[in-house]
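All chains are named by letter (A, B, ...) in the order of the sequence lines, taking the proteins before the strands, and each is independently numbered beginning at 1.
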Amino acid sequence: MSTLHTVNKSPFATDALLSCLNHCSDGDAVLMIEDGVYGALANSRISKAVQARAGSVTLLILGPDAQARGLNSDKCLSDVGRVDYDGFVDLVTQHDRTQAWL
Amino acid sequence: MKIGVVISEGPYTHQAADSAYNFVKSAIAKGHEVPRVFFYHDGVNVSTRLSVPPQDERNIQINWTTLAKEHDIDLVVCIAAAQRRGLLDENEAKRQGKDANNIADGFRISGLGQLIEMGIQTDRLVTFGD
């Protein structure tokens with residue numbers, strides 16, 4: 001049983017991403033969408049906490065939301081993958097449930 | 001697979017109604033079924049037909065109405081959340097003694113039972129919100 005977690009708030013505005021990273025289980029996936037994509041920024045004050053889960057949890061951002069905010073790959077942690085909306089749908093179907101961290 | 005969707009944030013606030021719209025379009029294009037979208041909390045504001053955004057801008061209500069018609073999606077608006085925010089269909093307006101109604105074509109007012117039912121009848125539930 002695995003869970004897809006979605007985080008849609010900037011980690012610099014709320015603790016949703018950090019709570020999510022602390023609570024999610026190994027084998028889960030965390031998809032950052034909307035302002036949540038800022039969680040993928042390299043060299044930020046939370047990037048260590050994000051990287052720390054990279055081995056056990058699949059970390060992803062929604063590409064269109066990242067692009068809309070100027071977050072090209074060179075600005076992001078290499079541990080964080082990118083999906084489009086089709087990839088988002090696949091993640092929902094591949095995991096047993098989806099949990100939104102609102 | 002059957003996927004249910006909940007929207008709990010108002011239109012033009014952040015992005016929830018837009019993210020959900022793009023998600024549902026992709027899911028349907030990939031062959032999944034989205035039988036119902038449940039509008040809850042401020043999300044009920046998507047359902048007003050009196051919204052008039054600038055013409056060169058997306059119209060979130062019309063987008064949902066159109067998508068629902070094309071793919072037979074049941075757009076359900078939570079009645080308790082709707083009444084607090086001044087969203088009434090014809091029956092409710094009559095029942096409450098109001099002189100107007102404002103629910104857009106394709107949306108219907110119903111209760112939390114429809115959310116629970118969607119949870120039971122779909123394989124996945126995805127929430128977009130605030």
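Other residues, nucleotides and ligands contribute only 12 or fewer heavy atoms inside 6.0 Å of the CG atom of A:N43. The number of heavy atoms from other shown groups lying within 6.0 Å of NZ (B:K30) is above 12. B:Q83 CD: more than 12 foreign heavy atoms inside a 6.0 Å radius. In A:K75, the NZ atom is crowded: over 12 heavy atoms of neighbouring residues, nucleotides or ligands sit closer than 6.0 Å. Surrounding CZ of B:R84 are at most 12 heavy atoms belonging to other residues, nucleotides or ligands under 6.0 Å away. Annotation for A:D26: atom CG counts as buried by contact number, over 12 foreign heavy atoms lying within 6.0 Å.
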Determine, stepwise, if the pair B:F23 / A:V92 fulfils side chain to side chain contact (heavy atoms under 4.5 Å, CB included).
CA-CA 10 Å; B:F23 176 85; A:V92 166; 3.8 Å; yes
Show, in sequence, the C-alpha distance, side-chain angles and deciding distance for B:D18 and A:E34, and conclude whether the side chain to side chain contact (heavy atoms under 4.5 Å, CB included) test is met.
CA-CA 10 Å; B:D18 301 289; A:E34 302 175 5; over 6 Å; no
Please test A:K9 against B:D130 for side chain to side chain contact (heavy atoms under 4.5 Å, CB included), starting from the C-alpha separation and ending with a verdict.
CA-CA 8 Å; A:K9 292 289 178 289; B:D130 199 7; 3.2 Å; yes
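Residue contact with chain B, scored on non-hydrogen atoms closer than 4.5 Å, is absent for A:D84. The contact between A:D86 and chain B is made by backbone and side chain atoms together, counting heavy-atom distances below 4.5 Å.
Of all non-hydrogen atoms in A:Y85 and B:S26, the two that sit nearest each other are CB-OG, 3.2 Å. Looking at every heavy atom in both residues, A:V89 comes nearest to B:A27 through CG2-N, 3.6 Å.
With chain A as the partner, the residue from B:H32, B:E9, B:H14 showing the most heavy-atom pairs under 4.5 Å is B:H32. Most heavy-atom pairs under 4.5 Å with chain B, from the set A:T93, A:T98, A:I33: that is A:T93.
Taken together through direct or relayed side-chain contacts under 4.5 Å among Ile, Leu, Val, Met, Phe, Trp and Tyr, B:F38 and B:L67 form parts of separate hydrophobic clusters. A:L59 is not connected to A:L62 by any chain of hydrophobic side-chain contacts under 4.5 Å among Ile, Leu, Val, Met, Phe, Trp and Tyr, and they are in different clusters. Cluster annotation: B:I73 and B:F107 are assigned to the same hydrophobic cluster (Ile/Leu/Val/Met/Phe/Trp/Tyr, side-chain heavy-atom contacts under 4.5 Å, transitive).
Using a 4.5 Å cut-off on side-chain heavy atoms (C-beta onward), B:S8 and A:L102 make contact.
Not a single donor-acceptor pair under 3.5 Å links the side chain of B:R124 to the backbone N or O of A:Q94.
Rounding to the nearest 0.5 angstrom, the gap separating the CZ atom in B:F128 from the CG atom in A:N8 is 9.5 Å. Interatomic distance, CD of A:Q99 versus CG of B:L125, reported as 10.5 Å (0.5 Å rounding).
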